[in-house]
Amino acid sequence: MELMYALVIGTLTATGVYLLLRGRTFPVVLGLTMLSYGVNLFLFSTGRLVAGQQPIIGSSDTYTDPLPQALVLTAIVIGFAMTAFVVVMSLRSLADHGDDHVDGSQGDDSQAENKHRKEGSGQ
Amino acid sequence: MLDRLSFPQPWLSLILFVTWQFLSEGVSGGSVVLGLILAWGIPQLTRGFWPDTPAFRKPGKMFGYLAILLWDIVVASFEVAKLILSPHKPQPAFVRYPLTLKDPMAITILASTISLTPGTVSADVSDDQKILLIHALDARTDDEVINSIHNRYEKPLMEMFQ
Amino acid sequence: MSLPLVVFLPFLGALFAPLFAQGGRTAIAIASSVPALIALAALFPLWPEVADGGIVLQSYEWLPFIGISFSFRLDGLALLFALLILIIGLLIILYARYYLKPGENVGKFYGLLLCFKGSMLGIVLSGNLLLMLIFWELTSITSFLLIGFWSHKKDARRGARMALAVTGGGGLALLAGILMIGNIVGSFELDDVLAAGDQIKAHSLYPIALTLVLLGAFTKSAQFPFHFWLPHAMQAPTPVSAYLHSATMVKAGVFLMARLYPALAGTEQWFYMVSFTGMATLLIGAYVAMFKHDLKGLLAYSTVSHLGLITLLFGMGTKLAAVAAVFHVINHATFKASLFMAAGIIDHETGTRDMRKINGLLRYMPHTATLAMVAASAMAGVPLLNGFLSKEMFFAESLQLNLPGWVAWLPPVIATLAGIFSVAYSARFVHDVFFNGKPINLPIYPPHEPPRYMKIPVEILVLACIMVGMFPAFSVGPLLYSASFATLGGEVPEFELTILHGFNLPLLMSVMAFVGGLLMYSQRQKFFDFHARFKEIDEKAVFESIVHGLVDKAQRLTAAIENGSLQRYAVLLVVSVIAVAALPILNLGLFVGDNGLTPVDWPTALLAAVLILCAIGTATVHRERFTALVLISVVGLVVALTFARFSAPDLAMTQLSVEVVTIVLLMLAMYYMPSWTPKESAGGRRARDILIALIAGTGMTLITLAMLTSPFNSISDFFLENSKPGGGGYNVVNVILVDFRGFDTLGEIAVLAIAALGIYAMLKNTTLTPPAGDAKGHAWSRDAYPLMLQQLARPMLALALMVSAYIFLRGHNLPGGGFIAGLITAVALLIQYLANGMTWTQDRIGIKYHNLMGLGLMFATIAGVGSFAFGYPFLTSTFAYITWPVVGKFEVASALVFDLGVYLTVIGATLLALVSIGRLTPMPHPAIPDPRENS
Amino acid sequence: MSAFTEYLLAGLLLLGGAFTLIGAIGLAKLPDFYTRLHGPTKATTLGVGAIMLSSVVYFTTQGEGLGISEVLITVFLFMTAPVSANMLAKAAMHLEVTSVDNTRGKPWEQ
Amino acid sequence: MMTVALYATIAMVVLAALLNVYRLIKGPDAPDRVLALDTLYVNAIALIILLGITLGTRLYLASALLIAVMGFVGTVAMAKYLKRGSVIE
Amino acid sequence: MNHWLTAPILIPLIGAIVQTFMGYAPISLRRTLAVATTLLLLASTLVLLAMADDGSYRVYAFGNWQPPFGIVLVLDRLAALMLVITSILALFCHLFSLGGSDEGNRQFHTLFLFQLMGLNIAFLTGDLFNLFVAFEVLLIASYGLLMHGGGTVRTVPGLHYVVLNLIGSAVFLISVGMIYSVTGTLNMADLAVKVREVSGENLQIVKAGGMMLLVVFALKAALLPLCFWLPKAYATATAPVAALFAVMTKVGVYAIIRVYLLIFGDAAGPVANLGMDWVFPLALITLAMGVIGALGADNFRSLFAWQVIISVGTLLAPIALGSSASLSAALFYMISTTWTVAGLFLVADLVASQRGTALDRIVTAPKMRHRTFLSVLYLLGVLAAAGLPPLSGFLGKVLILNSVEPGPQMAWLWSVLLVGSFLSLIVYSRAGSIVFWRTVDGHLEKPESLKRVTSLAATGLIAMSIVIVALASPINRYTEATADQLLNPESYIQILDTTMVGEDT
Ligand code: NA
Ligand code: NA
């Protein structure tokens with residue numbers, strides 16, 4: 001079970017990282033989401049894997065570690081807020097540049113550079 | 001003012017009260033009190049979202065309707081299962097069902113019923129709410145579908161909602 | 001107190017003098033003189049103490065932890081320099097009064113001049129090396145500002161920057177050197193350092209420290225190869241040139257050598273570095289001076305040359321040479337300052353400094369001409385003038401050097417050669433300016449004598465040249481003695497200050513220099529032709545092009561590295577993580593801990609396979625955005641099931657509800673985005689990214705495996721034990737969230753609220769035009785509010801509210817809680833938006849989401865602050881069991897108030913964020929009016 | 001647990017599982033989107049309904065008292081599934097997702 | 001017997017989920033995928049109930065209830081996006 | 001338990017909640033309340049500074065739960081110092097914003113106060129996961145602030161900043177998970193105890209986790225090669241935001257000091273001084289990169305943004321050396337550089353407001369109306385930034401130079417630092433001479449007079465470099481004591497024995 005679980009986390013990390021490194025905001029958002037799935041599962045599993053030992057007092061004889069669960073819950077909520085924010089940022093970037101490239105224009109670095117330089121000091 | 005304290009949608013309140021009892025593990029003094037509070041409070045909070053309360057005349061008939069529906073689900077399920085598992089190629093059809101019902105809620109219940117009974121799915125309601133487009137998985141003729149729906153479901157609904 | 005007073009008065013003056021600018025140039029000149037006059041008055045009584053080598057030390061603690069103290073120290077050397085600074089400073093103030101034109105910013109000028117004077121006095125009077133360094137750098141900065149005084153002139157700006165770069169940079173080297181010396185000696189107090197000469201010279205860091213200190217000295221004193229800044233500093237107003245760049249600041253370098261002479265001199269390193277630098281500077285300066293057509297240029301290179309001479313003298317290492325060096329400092333300051341002033345007068349009166357235009361001025365300004373000719377003679381080393389005396393001493397010393405073989409000839413030959421040049425350029429200064437026919441195309445014609453008082457400073461200085469030249473022992477003898485005493489740390493050698501030492505070799509050298517110089521000047525055209533063959537280097541242009549080149553390279557390098565590509569930055573980040581974790585993970589390898597592996601059950605395995613498949617699928621088809629979104633939703637769903645599978649019902653619920661809201665969020669966003677990602681990464685980059693991803697994934701796999709199979713103990717037993725008795729709840733996760741670690745949750749809901757506010761603010765004035773149809777070219781449907789959805793939305797709202805109440809209330813004891821309940825409510829309201837549209841729904845929701853969030857945060861905070869009243873810390877929870885008729889026994893927990901805060905914040909934040917996106921389109925796009933809509 | 005309950009439970013479970021599976025087979029096997037749309041209604045209606053029922057029976061007989069919140073789950077599914085199907089069908093028709101040739105009365109051909 | 005039936009049921013539901021994933025990946029059209037996702041959500045309800053029965057606890061029921069109440073919203077949002085573009089207008 | 005410890009968190013929190021409700025109140029009222037909040041915060045942090053100066057640790061256990069179980073705030077000298085640095089900075093930035101940069105949207109003050117709350121939590125918390133939460137609070141607020149001000153220039157740098165930090169947050173969580181999975185605890189003091197007992201394969205997990213955490217902090221601190229998000233983000237942010245962000249990198253530095261001295265300090269056995277051999281060279285390279293970036297900068301704001309990076313390198317090099325003297329020196333320098341660079345960002349904005357379309361670009365432009373005033377501010381600011389006498393930066397730099405023992409490290413640190421200063425000198429004199437001296441007579445409409453409040457705020461921050469010199473002795477005494485306290489984690493660990501309210505002692 002542990003190996004399988006580890007593979008799941010590895011896959012989520014790998015796909016998350018790959019997507020993060022793409023050039024458009026949408027796959028980056030997907031990558032962040034994927035990575036946070038992996039992270040949440042990982043953090044969750046630091047309490048080790050057990051079935052049927054939910055930390056509700058009285059529901060079982062032994063209980064799994066409740067702390068990682070609480071941490072993951074916090075992490076999920078924060079992750080949600082962050083995802084929402086980054087999605088909106090990509091919309092804003094889309095609105096500002098008419099393109100959803102992470103660098104603001106069609107990935108033409110030099111052009112982007114020039115544009116920044118010109119606008120950099122403008123408001 | 002008194003209006004503010006009443007139950008604006010008694011049926012909704014009743015449903016909510018019953019739902020609460022379902023959710024609570026067993027009926028108790030506490031669950032009744034809380035159920036009452038919620039059954040009163042939630043319709044108050046959400047009344048703005050019901051611009052036109054459905055014209056619900058004979059709610060008693062709903063129980064019979066549900067019984068028919070459950071039975072039909074079971075029966076039809078087996079028929080459809082057979083259809084899926086058999087190599088026989090089905091004869092799908094889009095059927096235009098002329099609606100007699102006027103109340104939007106009634107139409108929705110009818111459309112849902114049609115979707116829940118295996119073999120038919122409500123695909124669309126026309127803009128003027130006169131035609132219900134149904135997709136049937138295996139239908140020889142349109143009339144067969146139209147008649148069975150009309151007699152089995154729309155009639156009871158008309159009684160309830162007229 | 002008197003010494004600090006001497007130093008700080010000018011600074012005080014700098015603050016107040018500009019206030020007199022309104023009163024005209026005379027007023028401010030008088031005001032600016034006050035500090036110097038007070039300072040002279042303050043120093044006068046101290047003379048007896050230092051005359052015979054005594055030291056006046058006035059020390060105040062300042063920053064002992066750095067080693068800096070307000071330590072001021074007066075000895076002969078310091079006094080000599082202080083007098084030069086103060087007296088010449090006074091003359092400059094008077095001179096500048098007439099030099100500056102009425103419209104100029106005299107307040108700034110005198111203010112800066114006084115700042116400079118204070119800094120310079122600080123250098124010479126500091127009894128602490130670090131304190132001296134502070135003043136040292138201050139002179140660089142004030143000099144920068146003074147050179148750039150006429151900031152509209154390009155050359156002035158460039159000259160200023162170059163001077164700052166060289167002298168400020170040298171100052172940094174000096175700082176390093178001083179810190180090393182301080183490190184060696186254990187103190188920065190001058191007394192300690194001077195006493196520790198042997199210790200310093202024996203230390204292994206001595207060569208480095210010496211080099212660094214000398215770098216400071218050489219740059220400041222314009223020694224070769226750092227001499228180039230000085231001529232360009234002549235862009236400053238002439239009073240500044242006269243004061244800073246001939247009489248005082250450039251002497252700071254030689255002062256430093258004199259100051260640290262006992263501590264650093266007397267070694268071979270010192271000898272070679274100092275004397276050879278001095279020799280080179282002496283020669284080069286004298287040579288170049290000859291060819292300058294600019295009056296101030298000639299004087300500047302002459303200054304360079306004389307500074308080289310002084311340096312060479314210090315480098316020789318003999319005591320008499322050091323005395324001669326000190327002597328020449330005085331002499332050079334007097335004649336060169338007067339020459340600069342004369343040059344300034346000529347510039348002032350003719351409008352040019354070009355010697356090719358300026359001719360025969362004797363006729364027009366005989367008084368000035370006389371003064372200048374005397375001063376120039378002093379510069380040339382004509383007997384009976386001060387320059388002659390120190391030069392004689394120099395020649396004598398150049399013969400005394402104990403050098404092997406032919407090298408022994410080098411100093412006297414170079415000395416004589418430099419003497420020849422020196423006579424030649426002095427002759428040029430006299431002849432080319434005051435004789436040599438008639439002026440050519442002077443901007444101001446005819447030139448006149450300057451105002452009476454403008455000449456007074458020159459007269460005084462020229463008088464000094466003569467006095468010293470004729471009555472050396474009487475005029476400067478005592479001062480020179482005490483200064484030499486201080487320089488040498490006692491043991492002043494016998495020296496005789498007479499007009500003539502008799503006929504000896506030095507005199508012969510002088511004669512040779514004189515004859516040779518005049519001969520050379522008479523044959524000047526040949527030399528000019530010869531010199532003209534070499535292309536003249538404009539150091540300023542070189543400096544500018546170096547700086548420009550640096551800037552340009554830096555820009556290119558920066559643009560190449562910081563190229564604005566998120567992909568690069570992300571790769572750097574991910575690779576950094578991999579790099580630092582690689583070694584431990586490699587050590588770990590495929591490690592399985594003591595707990596071993598538990599058996600796999602195949603339903604779980606199949607679901608894991610689904611997850612892996614869909615995750616890889618998402619990465620594979622990500623360019624097809626909608627499909628990727630559906631696939632990743634499956635991943636999210638399986639993650640939720642995983643939580644359920646491994647005993648985390650709360651997490652499963654949280655994950656599920658967040659998942660749904662996220663899908664809505666992404667669908668909202670997708671509307672505006674292209675539905676297709678263009679293929680743009682080159683194959684190589686994709687391969688690289690896949691490799692990075694695989695490494696990262698493998699690393700996580702190995703860590704997870706090792707971690708999951710290893711036994712461990714955590715603090716969680718405490719939570720399990722105390723959840724009910726201490727927190728009043730059976731659901732330990734919830735109790736952790738609202739109680740044990742409630743503060744985390746407070747932060748978490750703050751994050752939600754802030755995110756929503758940020759989103760709202762970010763989209764407030766943004767509009768996005770959505771595409772007219774989907775990627776395949778279908779125009780959007782006109783059916784905005786589907787009937788069935790609309791009808792379902794109504795009961796669902798009531799029912800979902802009920803469910804959320806249920807989830808909320810049970811949360812403390814069973815899976816659930818404020819967060820999940822909040823999301824259910826938010827989703828129920830979202831359904832209304834989906835079914836009925838923005839305006840319709842907004843009209844029916846009575847409360848602004850901002851306020852809802854605020855309310856939520858308020859509840860959570862109040863729940864926390866409430867415990868203050870009972871003397872308990874923030875967020876201390878309490879609960880009680882109450883029994884009511886009918887209702888029976890139920891629990892009231894303060895944590896519920898906190899959870900209510902969570903609930904409200906979640907609703908407010910989620911809806912504010914999502915609705916803000918929904919609002920992005922300026923107008924609702926062509927939707928048919930809804931016939932069913934009757935409200 | 002009495003034998004009857006056990007048989008009942010087993011029967012309900014297997015029924016639910018079977019119909020869930022059949023629905024999925026339908027989804028996988030049926031020829032076009034509109035026919036496939038029928039598959040999930042099997043999973044939702046009879047399949048999940050039967051499983052819910054088994055859960056009710058199971059926990060009731062386990063002596064945990066009458067727990068009937070599963071019924072609510074079914075009710076919610078019954079309320080929402082038709083709307084999902086309706087929305088999807090509308091989307092498919094709008095996108096002109098094709099149906100098998102022998103379909104009668106294709107709305108986009110009229 | 002009950003256990004066997006339970007595991008058989010789990011097997012069937014998981015198999016059903018796999019078939020749904022097959023449809024989800026295969027498509028061919030977006031509505032197919034969404035339909036498959038929607039069905040997966042319903043399967044998840046079944047799985048959670050079955051997990052509860054296996055573990056003998058009702059603690060997971062609320063998760064199933066949650067899917068029943070909220071799960072369709074994702075489907076609706078996706079469907080509305082496909083058809084109308086604007087999900088909230 | 002001393003409720004004062006919560007003041008730096010609760011004051012901005014309550015202030016922010018009030019602002020949330022007041023979205024539509026008149027701006028003058030919102031400003032008054034917001035600045036009053038910041039003032040109150042400043043007062044509270046000064047109280048805490050006075051308390052912390054006795055050298056003891058003050059613990060505040062949320063919910064009255066004994067550490068390591070509950071979350072604790074721990075006030076020590078370092079925390080108090082960071083709080084004061086931040087609140088003074090915040091006050092001036094906040095004042096500056098009243099000049100009009102808070103307009104545009106109604107969320108500015110709310111976000112600003114939340115930002116302060118996040119920062120203060122980060123400085124006070126004694127819990128590793130709570131530190132994560134604090135980071136998230138301050139980051140999300142900073143995202144919002146970064147985007148404040150409209151226009152399109154900020155979007156892309158903002159997006160980069162957000163995405164990189166999200167990756168950073170993910171890595172943070174993984175690291176915390178790894179460390180928890182071995183030690184089973186989150187309280188930093190408890191971690192310090194538990195980490196010493198780790199052995200075997202677990203050691204590798206802790207090492208990997210610790211190193212990954214270092215990367216996260218290095219990202220926040222903008223250490224090379226993780227610093228490239230910073231220049232454009234800071235250079236495009238609204239002035240008070242950019243100025244406030246001067247402390248954002250210091251949070252990363254703070255976290256490194258806190259975590260790596262306490263948990264992975266000298267006493268941590270096999271994981272002692274984890275990662276510090278990476279930090280030292282990277283810090284020097286960062287410094288060099290900062291100088292190169294500054295050389296290439298073509299406007300004031302990006303110049304000062306690179307100065308932020310220079311500061312980071314200058315700070316982290318001595319911290320990596322880890323001696324008491326070098327830590328103290330770094331802290332001293334931190335105080336100076338944070339305020340100075342922030343002040344320079346404000347000056348840049350004032351300059352930009354006076355030069356028409358040239359803004360703060362390093363090009364010739366019409367003469368400014370308040371050229372003398374601004375050039376004096378600039379001069380003082382860059383002197384302090386470049387570490388030239390007689391301002392605070394010089395003292396900091398001398399302390400740093402003096403703190404390193406002779407050896408190769410000294411050679412490296414001295415050369416990089418001094419050559420860096422030399423190049424800074426060239427950069428700043430060039431930029432200043434072009435902007436302030438090289439003017440043309442353009443037909444620019446008479447530029448508006450500077451607002452009093454913005455001038456005051458900028459002057460205030462720049463003047464802090466003089467105040468620091470004036471107070472150098474007490475400040476140094478404090479930083480020395482702080483360094484000693486930091487190097488003695490054993491006393492920090494004692495916080496685990498704190499008695500709770502209502503408990504018998
Ligand atoms: Na049907
Ligand atoms: Na001439």
Side-chain angles (χ1 to χ4, degrees), chain D residues 1 3 5-7 9-29 33 36-37 39-40 43-44 47-48 51-52 54-55 58-59 62 64 67 69-70 72-77 79-81 83-95 97-98, chain E residues 1-6 8-20 22-24 26 28-32 34-36 38-43 45-47 49-50 52-53 56-58 61-62 64-84:
Chain D
M1 198 186 293
T5 345
E6 197 162 347
Y7 278 113
L9 269 173
L12 280 172
L13 280 170
L14 289 173
L15 184 75
F19 271 95
T20 307
L21 183 58
I22 290 167
I25 292 173
L27 185 66
K29 192 185 134 190
F33 171 77
R36 290 196 277 269
L37 197 50
T44 54
V48 176
I51 292 176
M52 295 295 173
S54 65
S55 173
Y58 177 76
F59 286 111
Q62 287 301 93
E64 291 197 7
S69 47
E70 291 92 331
L72 272 181
I73 297 176
T74 321
V75 169
F76 278 118
L77 272 180
M79 287 173 70
T80 59
V83 176
S84 302
N86 170 248
M87 293 294 290
L88 283 172
K90 280 158 94 71
M93 289 190 294
H94 172 77
L95 295 172
V97 171
T98 50
Chain E
M1 159 106 169
M2 152 87 191
T3 320
V4 175
L6 186 59
T9 309
I10 293 175
M12 285 189 277
V13 176
V14 170
L15 210 59
L18 287 180
L19 287 169
N20 291 335
Y22 161 78
R23 176 53 67 198
L24 189 143
K26 177 119 185 286
D29 296 302
D32 282 299
V34 182
L35 178 62
D38 189 57
T39 318
L40 270 172
Y41 266 88
V42 180
N43 287 343
I45 296 181
L47 281 172
I49 304 282
L50 292 169
I53 298 177
T57 171
R58 294 168 57 86
L61 273 183
L65 181 66
L66 212 62
I67 303 182
V69 177
M70 303 171 76
F72 82 106
V73 179
T75 311
V76 167
M78 286 176 163
K80 196 169 179 200
Y81 162 77
L82 288 175
K83 182 172 67 100
R84 172 76 178 153

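The sequence lines fix the lettering, A, B, ..., with proteins before strands; numbering per chain opens at 1.
- Comparing E:Ile53, E:Ile10, E:Val34 by how many heavy-atom pairs each has under 4.5 Å with chain D, the most go to E:Ile53.
- Ranked by heavy-atom pairs shorter than 4.5 Å toward chain E, the options D:Leu27, D:Ile51, D:Thr20, D:Val97 are led by D:Leu27.
- If you tally non-hydrogen atom pairs under 4.5 Å between each of D:Thr5, D:Leu14, D:Val48 and chain E, the highest count goes to D:Leu14.
- Among E:Asn20, E:Asn43, E:Leu18, E:Leu24, the residue with the largest count of heavy-atom pairs under 4.5 Å with chain D is E:Asn20.
- Nearest heavy atom pair, residue E:Ala16 against residue D:Leu21, reads N-CD1, 3.7 Å.
- When each of E:Asp29, E:Asp38, E:Asp32 is paired with D:Arg36, the salt bridge (Lys or Arg N to Asp or Glu O under 4.0 Å) condition holds for E:Asp32 and for no other.
- When heavy atoms are compared at a cutoff of 4.5 Å, D:Ala18 approaches chain E by way of both its backbone and its side chain.
- Annotation: the span from D:Met87 atom CE to E:Leu35 atom CG amounts to 14.0 Å, rounded to 0.5 Å.
- Between the OH atom in D:Tyr58 and the CZ atom in E:Arg58 there is a gap of 11.5 Å [rounded to 0.5 Å].
- Nearest heavy atoms, E:Phe72 versus D:Ser84: CB-OG, 3.4 Å.
- When the candidates E:Val73, E:Val69, E:Leu65 are compared by the number of heavy-atom contacts under 4.5 Å with chain D, E:Leu65 comes out ahead.
- Atoms CD1 and CZ, on E:Ile45 and D:Phe76 in that order, are 11.0 Å from each other to the nearest 0.5 Å.
- You'll find the side chain of E:Leu19 stays beyond 4.5 Å of the side chain of D:Lys29, heavy atoms only.
- To the nearest 0.5 Å, atom CG of residue D:Leu15 and atom CE of residue E:Met12 are 9.0 Å apart.
- Residue E:Ala11 does not touch chain D at all, counting heavy-atom pairs closer than 4.5 Å.
- To the nearest 0.5 angstrom, E:Ile49 atom CD1 is 4.0 Å from D:Ile73 atom CD1.
- The candidate from D:Ala28, D:Gly39, D:Ala91, D:Gly16 with the greatest count of non-hydrogen atom pairs under 4.5 Å with chain E is D:Ala28.
- Between chain D and the residues E:Val76, E:Leu61, E:Leu50, E:Thr75, the most heavy-atom pairs under 4.5 angstrom are made by E:Leu61.
- Taking CG from E:Leu15 and CD1 from D:Ile25, the interatomic distance works out to 7.5 Å, rounded to the nearest 0.5 Å.
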